[in-house]
Amino acid sequence: MSEQQRKAFPFSEFEPKWQDEWEAKKAFHTPNPGEADFDATKPKYFVLDMFPYPSGAGLHVGHPEGYTATDIIGRFKKMSGFNVLHPMGWDAFGLPAEQYAIKTGQHPRITTEQNIEGFRGQLKRLGFAYDWDREVNTTDPGYFKWTQWIFLKLYNAYVNEEGKARPISELEAQGLSRAEIDSRRLAYISEAPVNWCPELGTVLANEEVVDGKSEVGGFAVERRPMRQWMLRITAFAQRLIDELDGLDWPESIRLLQRNWIGRSEGAHVTFQVAHADAEITVFTTRPDTLFGATYMVIAPEHSLVDQIAAPEQAAAIAAYRRVVGSKSDLERTELAKEKTGVFTGAYAINPVNNEQIPIWIADYVMMGYGTGAIMAVPAHDTRDFEFATKFDLPVKQVVQPPAGKEWQGYTDDGIAINSGFLDGLPTAEAKKKIAAWLEEKGLGKGTTNFKLRDWLFSRQRYWGEPFPIVWEDGHHHGIPESELPLLPPTLEDFRPTGTPEPPLSKATDWVCYSDSATRELNTMPQWAGSCWYYLRYCDAQNSDRFVGIEAERYWMTGSLGDNQTIGQSDNQTIGQGDNQTVSLSPHLPVSLSSPPKPGGVDLYVGGTEHAVLHLLYARFWHKVLFDLGYVSTPEPFQRLVNQGLIMGEDGQKMSKSRGNVVNPDDVVKEYGADALRLYEMFMGPLEQVKPWSMKGVEGVYRFLARVWRLVMVQHEENGVWSLSPALQDVPANKQLTKALHETIKKCGEDIEKLSFNTAISQMMVCTNAFTGAEIKPASAIVTFLKVLSPFAPHLAEELNTRIASQFPDLAVKGFLSDSIWPTYDPAALIEDEVEVVFQVNGKLRDKVRVPIAASKEEIEALALASTRVQEFMEGKPAKKVIVVPGKLVNIVV
RNA sequence: GCCGCUGUGGUGAAAUGGUAAACACAGCAGACUUAAAAUCUGCUGGGAUAACAUCCCUUGUCGGUUCGAGUCCGACCAGCGGCACCA
């Protein structure tokens, strides 16, 4: 027998055939509103994958996990009567392409194109139902033209008093100075300490630094002051927290974002420095403990240090600053255990009691959070307590903990003591009272603080979007939109310069914008392109706009509203999804007129690794575009699902060095695309981390072969497959009908819940029932193939056409993917008899089959009559009898 | 340290508060075969027992609610993930 004939079913013959046919007939092309074949009567469903970075290594098995899930959903929704938008694209700017280019001397554009080619081919070989006409590529000038355009929108916007992004022209109209305007732009220049990674030759955003090392590559990162582009994401911190509430996201991801944004309520308190014309403002979450402040600490980098330090301490301070400055962030966190610090020689005056308290510098206070200065309350703060203990500073109790708790180091709420006018108040009330007192005296006020910092947006790289900015006389300004896209210069040598000078500086001609102006030399970070790609999918070919007005409104809200203008979205109150002015089209089914959701994409599937990077950045950009009236929803992604990591067969994370990497191409070659798809969905719940098992692949492969053999038989000698004689045009018997309808019901419900593993189990049960039947009813099998088709589309389509060859009236004409998802008959699910369980004191003692219609009384009588039941009742009377019809009887004695 | 998630057979896992372990993997036995592969059929949580009869135990541990708990509540333990001197 040939290699092919030994396969349990000839997947390698028909899988490519169907892929070609889908492509040739554009089976999954989705028309936009306004196009000829657009059907306005259908509701929309936008299902989105996190688009891949096309690496040279090709797909790994993690990619098809999420992609298969969305593919099943997309195919199911299409069969259920939705206009489905299910696109794919490439997040192709970034470091690996550039580093590879540096190594090989090949231009990153070439390697990127090759990698995309490879990825696209691999995805097509898995039979995903993408609309390839909507493919996007972040490195395509037709795409990044609009990334640059959005940057200009950010650059030319500010946030008003209500916290909304508005055009900068409003400030110009108010006659603000250039400096004032520049200081309020959402994209602005900052000269501040940044995360510089010498190894990568670029700066990194806070989010890209993990434990003092670069997230990519794990290289050391140091702080150094540099002039950089920043995006004012902090202006949206509160909205980014509040508006999470309207989203169908996993609670864990919302928490991750909330924690990252890190809101905390507290107060600013201003301390006068004794014998100096200076004051220090601190941020504290415990203003109620102000009477317990026995010293202050300011960050070593703080600008006040030089101003207030006593001359005799100058040497010690300088020495301490040198030590702290030489520590990398990594060392600073690793050495966090032991507190260090130096007395400045200066004193501050505690405003509540006029006590003089010493001012120290210590690196446990960071410049970047709050005001870079704290009031230390050692009695009720763990860090202050450690510091005070080490340097022998006074510890004064001001909070009385509940009985039995030690007050030293007690950080929870209690009752204020030794605190003057606060005495006797519980913590919450003391906070209010002191805040009011401070405000009245002009010494401070309640404040909210965030951990989130502004987004460091420039990189010293070649392979990224150039900024549409030029510099003239020390000022920056945006280039005209007509000059977009701004292409990067052609460079022979795109290596980092080894200094913070970006590689674009080598393109001397390009740099020169005019006689007096030069171009910005930095490029945007990789995240830029992925901040809005989902919008581009709505209208990927549009050359006049980043996305067409109508296309955006339709795919993000489902509305076709002909007389709507996008600008109306400005009327919406943020965080209240129920008063959106975007009205739903009268064309849409009533079921859709439920309150509009804040998010536009109906389902977004991807890994957790983007919880605080991509997902936060994209929400931020989307809100700016929303405020400025360019998009219709305040949030981009309504429902988010995280797929769990697939581990190696050994239970370890897949990695080259462990040698446990599974290549999807090998699996497709050996078992076929349908088997890979099905296995990845059968492994376990989508969101769970789970190990790979080749035996498991064989299991689903055998299942697919059993489905194949429901329809086909193989000739013993020549191995040729032909239609099974058992396949007949007969109605399914009661038992098969029940199995089939249960499968239709469960699979439909499970797909909505993304419980693909249990849906597949049910299809296995159904197949086992059909396998056991001597005669295979053809029309029932066709119905089963419809249910199977979103999971294993090649096999389902192939068997449908095979059946059509003999039973043309029973099979689906055309593609199964265009057919209607079957409905189940509830009557077919009901059995004549059910098994009822008899329990005595909750323990199972007997089972009987009773007619489905049996009454409560009849069942109870049967239970009491059971000899087994009587045996365990031991002659005692029943105290209580619980009857659950169709289920069980529990007798309590 | 703080926050979150997860603990069920040899393995991946199922179970609207109602028969724990569906479905699959692995294993065992049998059928077919000269043989193997493939396929098909059956068995397969632990213990007691001569027993395929029957009984007891079993969802990380301990308690609680309930006629009834893997599921709800409380405490604890373990593993994984995130944050981490955030004032």
Side-chain angles (χ1 to χ4, degrees), chain A residues 1 6-8 210-211 250-256 258-260 262-264 266 282-286 289 296-297 299 332-333 335-339 362-366 368-377 380-384 386-387 411 449-452 608-609 611-612 644-645 651 679 682-685 687-700 702-703 705-706 709 714 755 757-768 771-772 835-847 868 871 878-884 886-893:
Chain A
M1 271 190 192
R6 245 186 287 130
K7 299 232 152 101
V210 178
D211 290 339
E251 187 50 34
S252 59
I253 299 294
R254 292 196 288 185
L255 257 158
L256 237 45
R258 278 195 209 103
N259 289 344
W260 187 267
R263 182 193 153 100
S264 61
V282 301
F283 174 73
T284 176
T285 55
R286 293 297 300 272
T289 61
M296 293 185 85
V297 185
R332 210 162 148 170
T333 43
L335 301 173
K337 319 281 176 273
E338 188 74 2
K339 295 276 179 295
D363 68 352
Y364 82 91
V365 172
M366 290 165 300
Y369 183 77
T371 61
I374 63 157
M375 63 177 211
V377 184
H380 307 295
D381 181 279
T382 315
R383 294 147 302 174
D384 296 345
E386 284 171 23
F387 192 84
T411 57
N449 213 353
F450 296 93
K451 273 197 270 185
L452 185 70
T608 332
E609 66 274 19
V612 287
L645 212 58
Y679 172 66
F682 187 60
M683 292 172 83
E687 301 184 66
Q688 195 164 302
V689 178
K690 44 211 177 274
W692 187 267
S693 156
M694 234 16 143
K695 288 287 184 188
V697 182
E698 284 177 29
V700 294
R702 278 200 286 266
F703 159 68
R706 271 204 308 280
R709 289 196 309 269
Q714 189 166 30
S755 298
N757 54 333
T758 50
I760 293 166
S761 297
Q762 180 58 39
M763 289 191 283
M764 288 171 168
V765 171
C766 187
T767 302
N768 291 344
T771 302
E835 190 176 58
V836 169
V837 173
F838 297 154
Q839 296 178 337
V840 178
N841 289 337
K843 285 200 185 221
L844 175 69
R845 295 305 179 192
D846 203 1
K847 308 172 185 183
R868 296 267 306 127
E871 197 178 310
K879 272 193 226 157
K880 196 168 179 182
V881 181
I882 286 111
V883 183
V884 183
K887 273 261 154 66
L888 61 77
V889 179
N890 189 13
I891 298 165
V892 188
V893 294

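Remember, it's a predicted structure, so these values are computed and weren't measured experimentally. Lettering of chains follows the sequences in order, A, B, ..., and the numbering in each one begins at 1.
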Side chain of A/D381: nearest nucleotide among B/C67, B/A87, B/C83? B/A87
Complement of B/U54, any strand, by Watson-Crick or G-U distances under 3.5 angstrom: B/A48
Report the nucleotide, chosen from B/A15, B/G18, B/C55, that has the shortest atom-to-atom distance to any side-chain atom of A/R845. B/C55
Between B/G12 and B/C85 - P atom distance, rounded Å: 36 Å
Mate of B/G7 where both pairing distances stay under 3.5 Å, Watson-Crick or G-U: B/C77
Is there a donor N/O on one and an acceptor N/O on the other, under 3.5 Å, for the side chain of A/Q839 and the base of B/U19? no
Salt bridge (Lys or Arg N to Asp or Glu O under 4.0 Å) partners of A/K690, counting only residues at least two apart: A/E65
Which part of the nucleic acid, if any, lies within reach of A/N449 when heavy atoms closer than 4.0 Å are counted: base, sugar-phosphate only, or nothing? nothing
For a quick check of understanding: with a heavy-atom distance under 4.0 Å over all strands, which category does A/K843 fall into, base, sugar-phosphate or nothing? sugar-phosphate
One character per nucleotide, please: for nucleotides 4-13 of chain B, 5' to 3', B when the base has a protein heavy atom closer than 4.0 Å, S when only the sugar-phosphate does, - otherwise. S-------BS
Across all strands shown, which nucleotide pairs with B/U66 by Watson-Crick or G-U wobble geometry, both distances under 3.5 Å? none
If you look at every strand shown and take non-hydrogen atoms under 4.0 Å, does A/R258 touch a base, only sugar-phosphate, or nothing? nothing
Would B/G9 be called syn or anti, given that syn covers angles within 90° of 0? syn
For a quick check of understanding: with a heavy-atom distance under 4.0 Å over all strands, which category does A/K451 fall into, base, sugar-phosphate or nothing? base
Across all chains, not counting sequence neighbours, the salt bridge (Lys or Arg N to Asp or Glu O under 4.0 Å) partners of A/R702 are none
Under 4.0 angstrom, heavy atoms only, what part of the nucleic acid is A/T284 near: base, sugar-phosphate, or nothing? sugar-phosphate
Minimum heavy-atom distance A/V297-A/V365, with the two atoms named: CG1-CG2, 3.6 Å
If you look at every strand shown and take non-hydrogen atoms under 4.0 Å, does A/L888 touch a base, only sugar-phosphate, or nothing? base
Base paired to B/U39 (Watson-Crick or G-U; both N/O distances under 3.5 angstrom): B/A31
Looking for any heavy atom pair under 4.0 Å, which part of the strands does A/V765 touch: base, sugar-phosphate only, or nothing? sugar-phosphate
Parallel, tilted or perpendicular for A/Y679 and A/W692, by the 30°/60° rule? perpendicular
Whole-angstrom distance between B/A53 and B/C67, as gauged at atom C1': 29 Å
Which of B/C83, B/C55, B/U19 is nearest the side chain of A/L844? It is B/U19
Closest to the A/R702 side chain, choosing from B/G18, B/A15, B/A26: B/A26
Among the nucleotides B/C85, B/G82, B/A15, whichever has the atom closest to the side chain of A/L256 is B/G82
Ignoring the backbone of A/I882, work out which of B/G18, B/A26, B/A24 is nearest its side chain. B/G18
